> 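Sharing a structure with you now.
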Amino acid sequence: MTDPAAPSTDTVQTKSMDDIMALCKRRGFIFQASEIYGGIQGFWDYGPLGAQLKKNLRDAWWNDVVMLGCNGQNGPDGKPVRIVPVDSCIIQNPKVWEASGHVAGFNDPMVDCRETKSRYRADHLMCIGEKGDKEGQIYAYIENDDASYAAARKKLDKYKKRTLTDDEIDTCPLTDLSVDELKITVGPDAKEVGTLTEPRAFNLMFDTIPGPIRNEDNKAYLRPETAQGIFINFKNVVDTTRVSVPFGIAQTGKAFRNEVTPRNFTFRSREFEQMEIEFFCHPDDARAWYAFWRDWRMQWWQELGLAGDNLIMREHDTDELAHYAKEGAGTADVEYRFPFTAPGYGELEGIAHRTDFDLKQHQQHSKKKMEYFDPSRGEIAKNGQPKGEWYLPHVIEPSAGLDRGVLALICEAYTPDPDRASGVFMKFHPRISPIKAAVFPLVKKDGMPEKADELRRTLVKKFGHLGAIEFDEKQSIGKRYARMDEAGCPFCFTIDGDTLNDGTVTVRDRDTQEQSRIPMEEVPAFLAEKLGL
RNA sequence: GCGGGCGUAGCUCAAUGGUAGAGCGUCAGCCUUCCAAGCUGAAUGUUGACGGUUCGAGUCCGUUCGCCCGCUCCA
């Protein structure tokens, strides 16, 4: 999440997250997991509408990214973009996570301060004390934080009642302190001594033990990202699939992180689904591909309805880059202004230049050659053909959160409207709307239900694989339109007396509430056009 | 993990320590030719859970689970 970039007041989210969550429950988009047993922190289930919405978003991604190769556009090399899919396991050999850096990096020791209630990463804290002084107080400060260091020096001087020179001071990491030494340590923001707890490991990866015999030595992990399943299959794909660099491997699937504080509805869940692409290219081309992916991914989200000021692209500052991206062309986030982040933004998708970090790590740890032989490169031989070149491809990773995408689409779609009966409607883009259309007989008599069922059958046959086709003959027509507004159904087709005479039906538009008449036989073509088919 | 707020029907919320309710929604019937219309009726609760105080607990106390907000964290 980021600070606001001075958003204009008229565009700031004013929707209530409580109201949105109530609608999600009421209409069956999202339920708390294990609700009947009191729930479980950080886990959420999707109801009928939510499951279809999520599938529609996943399908849109799969279709546009994998099947159409970036919607059929050419890459920066002027050629079609080639992407192939894989589907790797949630549980892999634990060495995968040692190589990727997750075993080390995902186990951050933390210390809490009992006085100030602050929490620090233990490996980010340094300590100072007077040289040779085994009894006197030790002062902790935050590494690379000048203000924090100055405060510690000031407190030390005050304690010693004189100004110490740099040479008189010992510096060491907090993690090197003994339990006894910790008791005489003053926290970075504390006044009292000994308020820091012992460092406690935060295991951000879920672990499990495969096999029927419980033996800690067999410990394995639930993947914290789908990306590594792609990297470890890089060789397999290259060897079997007739792909050549540049190309991408895509995968959707669940990932698990033991978030310290699951928060903000489904935004930070412990079980979540990712949509990831690892795009492999020559190191010299990485910059161009990074820019290509960054721009296209932003455009893709916009085309699904996240247009306007609520969606931004943010390039990371160099000091916030992940360990694998330090040397790269950069990292950019597609961020959405959720009601709970406003006026700031929350990440939907990160596009990172991971360099050759992951392939190099797996090459080292597995002792398997990950280099790629590129026959189109290298110096020209006597026969006029390139001699070829061995190299570790660089990787551009567009990594999107599916659940976060769904949440953003829900928040964006949620549109309060005091002038309409439902008081609110869900303005989903027809392409991702979980209900594609509804068919109503205006009244339940005079052959209208039969005629309506005829249309329903036609639409189910043609569009049923994309989303629900609703049929409703209960209660007044106004209630039925209102119900569809809350569910986000973009078009309602109503059969009335005229339909039986001249074969036309009423089309009711969700967003404008306007009605028009079209021949019933043209409804499939009308809907196909609106769904972008 | 800390602090604050909250938890009663599907949703939004009432109920002085004394019989658990309303509105909306849902369902059924009647009616109804275009926007939650009208009439009639129905279903829905271990008041988040466990324990305690009390003649009696939705209400008071303790514990616990979950959600929201702030801090912290987010390789």
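Everything numeric here is computed off the predicted structure, so don't read it as measured data. We name chains A, B, ... by the order of the sequence lines, and we start the count at 1 in each one.
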> Are A:Phe265 and A:Met21 close enough that some pair of their side-chain heavy atoms sits under 4.5 Å apart?
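Yes; the side chains approach each other to less than 4.5 Å.
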> Map A:Phe265 and A:Gly423 onto RNA chain B by nearest heavy atom, then report which one ends up closer to the 5' terminus.
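So the residue in question is A:Gly423.
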> Applying ring pair (Phe, Tyr, Trp, His ring centres under 6.0 Å) between A:Tyr481 and each of A:Phe491, A:Phe440, A:Phe425, A:Phe493, report the one that passes.
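So, applying the ring pair (Phe, Tyr, Trp, His ring centres under 6.0 Å) to A:Tyr481 and each of A:Phe491, A:Phe440, A:Phe425, A:Phe493, only A:Phe440 qualifies.
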> Side chains of A:Trp97 and A:Gln228: do they bring a donor and an acceptor to under 3.5 Å?
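Side-chain D/A pair, A:Trp97 to A:Gln228: absent.
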> Determine the Euclidean distance between corresponding P atoms of B:rG18 and B:rG56; express it in Å to zero decimal places.
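Comparing P positions in B:rG56 and B:rG18 gives a spacing of 14 Å.
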> Take atom NZ of A:Lys25 and atom P of B:rC68, then tell me their distance rounded to the nearest Å.
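Value for this atom pair: 14 Å.
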> Looking only at atom types and distance, does a side-chain atom of A:Arg508 sit under 3.5 Å from a main-chain N or O of A:Thr494, one as donor and one as acceptor?
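Judged by distance alone, no pair lies under 3.5 Å.
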> How far, in whole Å, is B:rA20 from B:rC30 if one measures between their P atoms?
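Straight-line distance between the two P atoms is 37 Å.
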> Could you check whether the side chain of A:Tyr37 and the base of B:rC65 have a donor-acceptor pair of N or O atoms closer than 3.5 Å, going by distance alone?
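Donor-acceptor pair under 3.5 Å: no.
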> Taking the P atom of each, how far is B:rU53 from B:rC67, in whole Å?
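My reading of the P atoms in B:rU53 and B:rC67 gives 31 Å.
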> Considering heavy-atom distances to RNA chain B, does A:Ile477 or A:Gly42 have its closest nucleotide positioned more toward the 5' end?
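Going by which nucleotide is closer to the 5' end, it is A:Ile477.
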> Are any of A:Asn264's side-chain N or O atoms less than 4.0 Å away from OP1 or OP2 of B:rC69?
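Yes, because at least one side-chain N or O of A:Asn264 sits under 4.0 Å from OP1 or OP2 of B:rC69.
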> Ignoring hydrogens and angles, answer whether the base of B:rC35 and the side-chain atoms of A:Arg508 contain a donor-acceptor pair closer than 3.5 Å.
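In this structure, the two groups form a donor-acceptor pair.
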> Strictly below 4.0 Å: does A:Lys474 bring a side-chain N or O up to OP1 or OP2 of B:rA28?
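Yes, A:Lys474 has a side-chain N/O under 4.0 Å of OP1/OP2 on B:rA28.
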> Could you tell me the separation between the CD atom of A:Glu35 and the C1' atom of B:rG66, rounded to a whole number of Å?
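The answer, rounded to whole Å, is 10 Å.
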> Classify A:Met17 by what it touches in the nucleic acid, base, sugar-phosphate, or nothing, heavy-atom distance under 4.0 Å.
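No contact at all - A:Met17 keeps every heavy atom at 4.0 Å or more from the nucleic acid.
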> Pick base, sugar-phosphate or nothing for A:Asp485, based on heavy-atom distances below 4.0 Å to the nucleic acid.
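A:Asp485: no heavy atom of the nucleic acid under 4.0 Å.
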> Which nucleotide, B:rC27, B:rG10, B:rA75, lies nearest any side-chain atom of A:Gln475?
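Output: B:rC27.
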> Identify which nucleotide among B:rC11, B:rA36, B:rC67 has an atom closest to any side-chain atom of A:Ala482, counting heavy atoms from C-beta outward.
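Per side-chain heavy atoms of A:Ala482, the pick is B:rA36.
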> Decide yes or no, distance alone: a donor-acceptor N/O pair under 3.5 angstrom between the base of B:rC74 and the side-chain of A:Arg268.
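Looking at the base of B:rC74, it does pair with a donor or acceptor on the side chain of A:Arg268 (distance under 3.5 Å).
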> Is B:rC71 paired to anything, Watson-Crick or G-U wobble with both distances less than 3.5 Å, and if yes, which nucleotide?
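B:rC71 is paired, partner B:rG1.
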> Classify the ring geometry of A:Phe338 against A:Phe340: parallel below 30°, tilted from 30° to 60°, perpendicular beyond 60°.
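Judged by the thresholds at 30° and 60°, the geometry between A:Phe338 and A:Phe340 is parallel.
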> Which nucleotide, in any strand shown, forms a Watson-Crick or G-U wobble pair with B:rG41, with both distances under 3.5 Å?
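Looking at the geometry, B:rG41 pairs with B:rC27.
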> Could you tell me how far B:rG4 sits from B:rU44 if I compare only their C1' atoms? Round to whole Å.
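Here B:rU44 and B:rG4 have their C1' atoms 34 Å from each other.
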> When the distance from CZ of A:Arg480 to P of B:rA36 is rounded to whole Å, what number comes out?
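Roughly 12 Å, once rounded to whole Å.
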> Considering only B:rU32, B:rG66, B:rA37, which nucleotide approaches the side chain of A:Gln32 most closely?
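For the A:Gln32 side chain, the nearest candidate turns out to be B:rG66.
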> What is the distance, rounded to the nearest whole Å, between atom CZ of A:Arg27 and atom C1' of B:rG25?
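These atoms are roughly 8 Å apart.
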> Tell me if the CZ atom of A:Arg26 is crowded by more than 12 foreign heavy atoms within 6.0 Å.
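Yes, the 6.0 Å shell around CZ holds more than 12 heavy atoms from other groups.
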> Looking only at atom P, what distance separates B:rU54 and B:rU40, rounded to whole Å?
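My reading of the P atoms in B:rU54 and B:rU40 gives 49 Å.
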> May I ask you to decide whether A:Glu273 forms a salt bridge with A:Lys54, counting only side-chain N to carboxylate O separations under 4.0 Å?
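Looking at A:Glu273 and A:Lys54, the cut-off is met.
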> Between B:rC34 and A:Arg517, is there an OP1 or OP2 to side-chain N/O distance shorter than 4.0 Å?
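Indeed not, no polar side-chain atom of A:Arg517 lies that close.
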> Would you mind reading off the distance between A:Phe425 atom CZ and B:rA36 atom P, rounded to a whole angstrom?
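Those two atoms, CZ and P, are 16 Å apart.
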> Relative to each other, are the rings of A:Phe428 and A:Phe29 parallel, tilted or perpendicular (30° and 60° limits)?
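Rings of A:Phe428 and A:Phe29: tilted, 30 to 60°.
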> So what does A:Glu486 hit on the nucleic acid, given a heavy-atom distance under 4.0 Å: a base, only sugar-phosphate, or nothing?
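Result for A:Glu486 = base.
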> Within the modelled atom types, does a donor on one side and an acceptor on the other bring the side chain of A:Glu259 and the base of B:rC74 under 3.5 Å apart?
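Such a pair does not exist between side chain and base.
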> Rounded to whole Å, please give me the gap between CZ in A:Arg263 and C1' in B:rC6.
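It works out to 13 Å between those atoms.
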> Could you measure between the two C1' atoms, the one in B:rC31 and the one in B:rG38, and give it in whole Å?
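Result for the C1' pair: 8 Å, nearest Å.
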> Would you mind pulling out the nucleotide paired to B:rG62, Watson-Crick or G-U wobble, both distances under 3.5 Å?
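Pairing partner: B:rC50.
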> So which of residues 488-504 of chain A are in contact with RNA chain B, with a heavy-atom cut-off of under 4.0 Å?
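Listed by number, they are A:Thr494, A:Asp496, A:Gly497.
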> Going by distance alone, is a donor N or O of one side chain under 3.5 Å from an acceptor N or O of the other, for A:Gln251 and A:Ser88?
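Indeed, the side chains of A:Gln251 and A:Ser88 share at least one donor-acceptor pair under 3.5 Å.
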> Return the value, rounded to whole Å, for the distance between atom CZ of A:Phe338 and atom C1' of B:rC68.
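About 17 Å, once rounded to whole Å.
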> Measuring only the P atom in each nucleotide, how far is B:rG58 from B:rA49? A whole number of Å is fine.
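After rounding to an integer number of Å, I get 11 Å for this pair.
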> Let's see if you can work this out: which of B:rC34, B:rA36, B:rC71 has an atom nearest to the side-chain heavy atoms of A:Gln515?
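So the side chain of A:Gln515 is nearest to B:rC34.
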> Tell me: CZ of A:Phe206 to P of B:rA75, nearest whole Å?
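The answer, rounded to whole Å, is 16 Å.
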> Looking only at atom C1', what distance separates B:rC61 and B:rG17, rounded to whole Å?
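The same atom, C1', in both gives a distance of 13 Å.
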> Can you see if the side chain of A:Lys444 gets near the phosphate of B:rU32 - specifically, an N or O under 4.0 Å from OP1 or OP2?
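So the side chain of A:Lys444 is outside the cut-off, no N or O lying under 4.0 Å from OP1 or OP2 of B:rU32.
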> For a quick check under 3.5 Å, do A:Tyr345 and A:Asp333 share a side-chain donor-acceptor pair by atom type?
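No, no side-chain donor-acceptor contact under 3.5 Å.
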> Between B:rG25, B:rC2, B:rC11, which nucleotide gets closest to the side-chain atoms of A:Ala22?
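Looking only at heavy atoms from C-beta outward on A:Ala22, the closest nucleotide is B:rC11.
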